[in-house]
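The chains referred to below are lettered A, B, ... by the order of the sequence lines, with proteins before strands, and numbering in each begins at 1. Because only heavy atoms are used, hydrogens play no part in the values below, and waters and symmetry mates are left out as well, while side chains stay in.
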There are 2 protein chains.
Amino acid sequence: MKTKILIADDHSMFADGIASILNEQENLEVIGKCIDGLSVEGFLENNEVDLILLDVNLPGKNGIEVCKDVLKVYPKIHILAISMHNQESYVSEILKNGAKGYILKNTGRDELLQAISSIQNGETFFSKDVTETIMRGLMNERKASNANIKLIPKITRREKEVLKLIVQEHTTQEIADKLYIALKTVESHRSSLLAKLNARNTAGLVRITIENKLLD
Amino acid sequence: MKTKILIADDHSMFADGIASILNEQENLEVIGKCIDGLSVEGFLENNEVDLILLDVNLPGKNGIEVCKDVLKVYPKIHILAISMHNQESYVSEILKNGAKGYILKNTGRDELLQAISSIQNGETFFSKDVTETIMRGLMNERKASNANIKLIPKITRREKEVLKLIVQEHTTQEIADKLYIALKTVESHRSSLLAKLNARNTAGLVRITIENKLLD
DNA sequence: GAAAAACCTAGGGTAAACCCTCAATTTTAA
DNA sequence: TTAAAATTGAGGGTTTACCCTAGGTTTTTC
């Protein structure tokens, strides 16, 4: 009986590549691919899945939320998180939500297969770098223990427009002119964005926006 | 005679996946992988390569520079650019430097194979989205024709330290305290960074830093 | 081993971002 | 259809970022 795998990643080429690797294995079978968070749950309604390879940074609905929601309904599914970012907040957050492992995209084929094998056996698996990151996080003993990822609140249509222009290096005045609204209005939206994204300044706004693909 | 392919991408898992797809084809053969720009030229000295799949955003030395330098020495090699970003500046810049095609990571397996096939036949190939981007760029008829990618000048040790702290949302004053230098000194470094990265403000600094992986 | 370049350091002045409070109108959802 | 959320905008102030200029120091380069 082959392990049925679903790949959730917004880069089709990456998903296809992984699928090719996995399908070479005689005990694994990729039965589906999803390019955003929302379509994962839809796929699960119509297909039986044993394991999900889940990108943490998915557009639409990020991997952390997907993980939480999927496991509520299908607690038997194993989830292996895949990410470009070795950030402690991502790792700890998705593990809290039930993922069985976390590997980075800069690790290779063999480690991927090893991770899947471990998880099939009910174990957990983490990339070496990820393990270090977690340890380092524990060492620092979390001054801001709860201040890791606040799952990002919903960003409104107008806020998104403003955010996009900020990332494109426009000043508040320029944004006001482009959107035909007052300077003060744009400042309001900026404030809301800083609060919602939990950023201290423009730098954080831009970094968080890119890392979480908020403009997709 | 199989086409000998080199894959240059800093995400091993992605490279391995692509390799798996390509090696399934009877006329293709992946003979090497590089995880940064600098090692490409070293590889070419010792191996005969027909085609390079080149990530545009490579750490160390980005794809655009690699493309230029490789073709100087090995003009017969075909280069297919691969990128996450559908940005006109990237596309036009790498094409000027001799790449034969440009595909996005969110396109799938079939398109990848088609692209390679086209390029083998001496044609060019672009993802549909990329074609649109180029066309749109031509329409706007380049007000800032030369202001696309200025290949990013070398960033000094101190600038890199400052840049890292900026991306981490620290203010100029905080950075000055951390580095034990004057506020004004940090501001100077900020100015140099704005100039070198061709950014208008902090937003641009952060975006360009992340997109070009300047902190790796 | 001296000239040239690159780097690090800073000052003064202006522009932009950020903060807090408050409130009217419009849109969305229960 | 009414309560909640979103959009709009104001006053008034503080902090931070950005621009231009420039001297001293290290590092190349010939």
Checklist entry - Looking only at N and O atoms, is any donor in the side chain of A:E187 or the base of C:dC18 less than 3.5 Å from an acceptor on the other one? => result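 Flag set: donor-acceptor pair detected.
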Would you kindly check whether a donor in the side chain of B:S188 faces an acceptor in the base of C:dA10, or vice versa, at under 3.5 angstrom?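 Check passes, donor-acceptor contact within cut-off.
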Of the candidate nucleotides [options], which contains the atom at the shortest distance from the side chain of [X]?
X	options	value
B:H189	D:dT8, D:dA6, C:dT9	C:dT9
A:R157	C:dC18, D:dC18, D:dT7	D:dT7
B:N201	D:dA17, C:dC19, D:dC18	D:dC18

Among A:K196, A:K154, A:H189, which one satisfies side chain to side chain donor-acceptor pair (under 3.5 Å) with A:E159?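 Among A:K196, A:K154, A:H189, the one that satisfies the side chain to side chain donor-acceptor pair (under 3.5 Å) with A:E159 is A:K196.
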For this session: Could you check B:K184 against B:Y180 and say which one's nearest nucleotide on DNA chain C is further toward the 5' end?
Result: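 Of the two residues, B:Y180 wins.
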For the residue pair [Y] / [X], report whether a side-chain donor-acceptor contact shorter than 3.5 Å exists.
X	Y	value
A:T3	A:E29	no
B:R190	B:T202	yes
A:E111	A:S127	yes

Scan [X] against the nucleic acid and name what it touches under 4.0 Å (heavy atoms): base, sugar-phosphate only, or nothing.
X	value
A:S191	nothing
B:T185	base
B:L183	nothing

Atom CZ of B:R158 and atom P of D:dT27 are separated, to the nearest Å, by 13 Å
